[in-house]
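By convention in this document, chain letters (A, B, ...) are assigned in the order of the sequence lines, proteins followed by strands, and residues within each chain are numbered from 1.
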Number of protein chains: 2
Amino acid sequence: MSEANFKTENINTWITELNTEAKAAISVDCVIFGYEDNQLKVLLIECNMPPFEGKLSLLGDLVKSNENLDEAAARILKARTGLNNVYLEQVRAFGDPGRHPLGRVISMSYVSLIKIQDYEVLDIDQKRLKWFPVDQVEEMAFDHAKILNVTLNWLQDRIKERPIGFELLPKKFTLIQLQNLYEIILNVKLDKRNFRRKLSSLGVLKDIGESQKDVAHRPAKLYSFAENRSEQKNGLSSLINF
Amino acid sequence: MSEANFKTENINTWITELNTEAKAAISVDCVIFGYEDNQLKVLLIECNMPPFEGKLSLLGDLVKSNENLDEAAARILKARTGLNNVYLEQVRAFGDPGRHPLGRVISMSYVSLIKIQDYEVLDIDQKRLKWFPVDQVEEMAFDHAKILNVTLNWLQDRIKERPIGFELLPKKFTLIQLQNLYEIILNVKLDKRNFRRKLSSLGVLKDIGESQKDVAHRPAKLYSFAENRSEQKNGLSSLINF
DNA sequence: CTTAGATAGTGTAAATATGACAAAAAGTAG
DNA sequence: CTACTTTTTGTCATATTTACACTATCTAAG
């Protein structure tokens, strides 16, 4: 019986354990993605905690005692971007002992997708907060490089299955913008005509009858995202042809 | 500034917070699935902690201070089933305040798929441990009904994308068994010929040249799972025709 | 040995989805 | 009105999916 401590089904031992060795701090780290200049970017802050001074860090905070995990993530997101009601979802928990130099901290990573244009600079920490292209992020604090990596892989999987790419674009976007977004996030080259055919069969695009302005060529039509859960049968997997 | 506590980037406040309100107990709850008698079953234990005495509970334990989350899950699984090296994956974290009557406990749910025939009864707690068909689980302790529900949905999504159904069957199985498994987990009716064609195109089935014994009819051929990551392009989604 | 009973195993044709591919249309700038 | 840039659109060959029913193989009973 050294393998597992079944005393934990005894209430007194539970109480004891709950108050001693098993306690840890709980945090949430938000991986906030944006899309700008044909690049997938992530919002990071310069860390000032030893031994990671100067390294980049995800936006995280401890979870408050009266708060659930989703609420904590929403609070962090709101505080950093000023945004409410944006795409926000838990990815998974990271809890290696030793992942935090000050003690045991279990962190839930959340992914958020925001329309970068809607983002208000709330950089109360004097310029320590910046968008970084995901493929140009150098060293990170804690295990945040791993968290970012896992979360990015998660996003790549998810965007193939569900129509969430829109969350990263302005409310009105062109089909080329949308295609570029997919090409960049998935690191593939897509066929324009096939991409459009697939998308229109999904029925989530709404032609809003407007066009681009101020471009020195034929303006592209603008679309918006119409939630329309009709034909999600095959997801978007087949957008991809290598 | 009332929205988020940015003092957490100050090391002294971090240390303070890490040692006061933000601490919580960390646990892992394993949702251990098995498949038997044409039913998807989950291994549960009768809870003896007030106020949930007599209710059913997932198999969980506190995470030890020197242990990471995956290790904790593997330990619990080993202790309860005697099994090592089986399918085990983190699903997500549950951390509502108040989810545990004795204080704040953050729990990571893990899903495990086991070949129920390999399971050794390690019921040191006198018969409180039992397999329950997932659709016949009545009241559960804590928020375990929610955890079970989320995890089951996760399994249903995942089994459509990756060839993990095998994990629930004996090493040698028939195609009909495999089809039944999918039908029951996904709650759909599948076409025998289409199911087989799709599966053989995936290239993960190995005909082991044996057949069923002791059946009063034509015996079915036995197959085993051959890890063969060739053609996972479309997953198994198209197994399904409604 | 024959037959009945039970379940396993197999093929094909029609519809749909995919992948590869290029020319015409719509605007701006000079 | 011409040159330039970028958007938009269709078709055909191939692959995949769906719908559908009969034959093969074994045991058991007579």
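- Cation-pi check for A:Arg197 over A:Phe195 is not met; the charged atom does not lie both under 6.0 angstrom from the ring centroid and within 45 degrees of its normal.
- Among the nucleotides D:dT18, D:dT7, D:dA28, the one closest to the side chain of B:Ala216 is D:dA28.
- A side-chain donor from one of A:Tyr110 and A:Asp70 sits under 3.5 Å from a side-chain acceptor of the other.
- Contacts of B:Leu175 with the nucleic acid, taken as non-hydrogen atoms under 4.0 Å apart, are absent.
- Side chain to side chain, B:Asp29 and B:Ser107 meet the donor-acceptor criterion of an N or O pair below 3.5 Å.
- Between B:Lys198 and D:dT17 there is a side-chain polar atom (N or O) within less than 4.0 angstrom of OP1 or OP2.
- Remark: aromatic rings of A:Phe173 and A:Phe166 are close, center separation under 6.0 Å.
- Not one side-chain nitrogen or oxygen of A:Lys221 sits closer than 4.0 Å to the OP1 or OP2 atom of D:dT8.
- Between A:Arg196 and the phosphate of D:dT8, there is a side-chain N or O to OP1/OP2 separation shorter than 4.0 Å.
- Remark on DNA chain D: of its neighbouring residues B:His217 and A:Tyr223, the 5'-side contact belongs to A:Tyr223, judged by nearest-heavy-atom nucleotide.
- A donor-acceptor contact under 3.5 angstrom links the side-chain atoms of A:Arg197 to the base of C:dG19.
- Checking D:dG10, D:dT8, D:dT18 against the side-chain heavy atoms of B:Asn194 singles out D:dT18 as nearest.
- Take the nearest nucleotide of DNA chain C for B:Leu222 and for A:Pro219: the residue whose nucleotide is more 5' is B:Leu222.
- Checked by distance alone, A:Arg218 brings a side-chain donor or acceptor within 3.5 Å of a matching partner on the base of D:dT7.
- Phosphate proximity of C:dG9 to B:Arg193: absent, as no side-chain N or O sits under 4.0 Å from OP1 or OP2.
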